[in-house]
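To keep things clear, I will list the structure first and then write my remarks on it.
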Amino acid sequence: MAKNYAITIGRQFGSGGREIGKRLGELLGIKAYDNELLKMAADKKGIHPDYLRRVDEKANNSLLYTLAMGVSMHRAGNTGVEMPINDKLFMAQTEVIKEVAECESAIFVGRCADYILRHHPGRISFFVYADYETRVARVMQENDCPRKEAEDLIAKTDKSRVNYYNFYTGKKWGKHDNYHLAVDSSLLGVEGTAQLLAQVVRAYLEKETE
C-alpha cells in the first residue's frame, strides 16, 4: 500500500464532522487538518488569513468568471480572465493538501479533499451526516442561538458547501459514491462515530498489509 494514508471527511453542517475528525486523529495518532489548511494556503499565497476566511469553502460568484471557466472550476483552462480570490484560495489549498498527504498520514476535513486526493493510493473517504433535529440542537448549543437562527445557519452553510463542492469538482456533494463510507453521527454520537471510523481505518490498513 501507499507509504501514507489520507482520510478525508465531508460533512453536513451540525453533524459534528469537525469534532469527529479531530477525535479520529487522536485515536489514530495522526493530525487532523481543518482550519489549519486556510492559514497554510494564505501563507503560500502571501494573503492575510482573515481576508481568506470570508471566502473559505465558498464558490466564486462572479458571473463573468464562471462563464469564462465553463460551468465548473474542475474544467478550468487558460481563459485569460483574472482568477478571483475564491479560486486562488482553492488552488492554494489544493497544493497544500497534496503536499501534506505526500509527507504524512493525515485527516482532511472538508475543502473537497476527497476529490483533490482522488488519485492518492491510500485515500479513505468518509461523509458524516445526521438527522435534522440533532443538527439543529448542536448548532443551537454551539452558537448559543435560538432555533430559527440555527435553522437558517444550517440551510445557508449546507447550500454554500454544496455550491463550493459542485463548482470545484464537477461532482455532487454528499452523493454516496463519492465516498467509501457515509455515516449518520446521530446514531452513535461524536465519540462513538469516531471510534467506528477508527475501526474501519484499522481494518483497511490491516487488509492492505496482508
Side-chain angles (χ1 to χ4, degrees), residues 5-41 53 56-59 90 93-94 96-97 100-101 105-118 120 123-145 150-169 171-202 204:
Y5 62 95
I7 299 170
T8 69
I9 299 179
R11 74 281 187 227
Q12 285 184 327
F13 185 65
S15 67
R18 175 177 296 175
E19 293 83 356
I20 290 167
K22 180 179 179 181
R23 179 62 180 138
L24 180 59
E26 293 171 352
L27 292 169
L28 297 174
I30 61 178
K31 184 171 177 59
Y33 289 87
D34 186 3
N35 291 331
E36 297 91 339
L37 295 170
L38 182 66
K39 184 179 186 305
M40 293 165 73
R53 193 169 289 113
D56 183 32
E57 288 199 290
K58 296 180 179 66
F90 177 78
Q93 286 188 146
T94 294
V96 168
I97 289 170
V100 172
S105 294
I107 297 168
F108 302 92
V109 179
R111 295 167 179 82
C112 303
D114 60 283
Y115 178 80
I116 291 168
L117 297 176
R118 64 194 183 281
H120 192 292
R123 176 181 62 90
I124 311 168
S125 291
F126 299 124
F127 186 82
V128 179
Y129 63 100
D131 71 73
Y132 188 68
E133 288 303 319
T134 297
R135 297 170 67 198
V136 171
R138 178 185 295 278
V139 173
M140 288 175 64
Q141 180 179 13
E142 292 183 349
N143 293 273
D144 190 23
C145 65
E151 290 179 331
D152 289 345
L153 190 55
I154 287 172
K156 179 180 179 181
T157 306
D158 274 353
K159 181 178 179 181
S160 177
R161 288 178 180 174
V162 167
N163 291 339
Y164 177 83
Y165 186 91
N166 294 358
F167 180 78
Y168 286 109
T169 71
K171 296 182 176 292
K172 290 188 176 181
W173 179 83
K175 194 170 184 291
H176 72 277
D177 54 2
N178 291 334
Y179 315 94
H180 292 117
L181 179 67
V183 59
D184 182 347
S185 62
S186 57
L187 181 65
L188 298 175
V190 169
E191 179 64 22
T193 302
Q195 293 281 356
L196 174 64
L197 298 186
Q199 289 181 33
V200 172
V201 172
R202 290 174 183 136
Y204 165 76

| query | Could you walk me through whether Glu142 and Arg138 pass the salt bridge (Lys or Arg N to Asp or Glu O under 4.0 Å) check? | reply | CA-CA 6 Å; Glu142 292 183 349; Arg138 178 185 295 278; 3.6 Å; yes
| message | For Arg11, is there any backbone N or O sitting under 3.5 Å from a side-chain donor or acceptor partner on Arg161? | response | yes
| Shortest non-hydrogen contact from Ser125 to Thr8? | OG-OG1, 2.7 Å
| task | Tell me, with the steps shown, if Arg111 and Asp34 meet salt bridge (Lys or Arg N to Asp or Glu O under 4.0 Å). | result | CA-CA 8 Å; Arg111 295 167 179 82; Asp34 186 3; 2.7 Å; yes
| field | Glu191 atom CD, neighbour heavy-atom count above 12 within 6.0 Å | value | yes
| field | Flag, side chain of Thr169 to backbone of Tyr165, donor-acceptor distance under 3.5 Å | value | yes
| Is the Trp173-Phe127 ring centre distance short of 6.0 angstrom? | yes
| query | Could you give the distance from OH (Tyr5) to CD1 (Ile124), rounded to the nearest 0.5 Å? | reply | 7.0 Å
| field | Partners meeting ring-ring contact (aromatic ring centres under 6.0 Å, His included) with Phe126 (sequence neighbours left out) | value | none
| request: For the residue pair Ser185 and Thr193, confirm or rule out a side-chain donor-acceptor distance under 3.5 Å. | output: no
| field | Heavy-atom closest pair, residues Val109 and Arg18 | value | CG1-CA, 4.3 Å
| message | Is it the case that the side chain of Asp114 and the backbone of Tyr179 share a donor-acceptor pair, with hydrogens and angles ignored and the cut-off at 3.5 Å? | response | no
| query | With sequence neighbours left out, what residues match Asp184 under side chain to side chain donor-acceptor pair (under 3.5 Å)? | reply | Ser186
| request: Please answer whether the main-chain N or O of Ala130 pairs with a side-chain N or O of Thr134 as donor and acceptor at a distance below 3.5 Å. | output: no
| What are the two closest non-hydrogen atoms of Ile97 and Ala113, and how far apart are they? | CD1-CB, 4.3 Å
| task | For atom CG of Asp177, decide whether the heavy atoms of other residues, nucleotides or ligands shown that lie under 6.0 angstrom number more than 12. | result | yes
| Okay, side chain of Arg135, backbone of Tyr132: is any donor-acceptor separation there less than 3.5 Å? | no
| query | Can Lys22 and Glu19 be said to form a salt bridge (Lys or Arg N to Asp or Glu O under 4.0 Å), step by step? | reply | CA-CA 5 Å; Lys22 180 179 179 181; Glu19 293 83 356; over 6 Å; no
| request: Examine the side chains of Ser160 and Asn163 and answer whether a donor and an acceptor come within less than 3.5 Å of each other. | output: no
| field | Within 6.0 angstrom of Lys31 NZ, more than 12 heavy atoms from elsewhere | value | yes
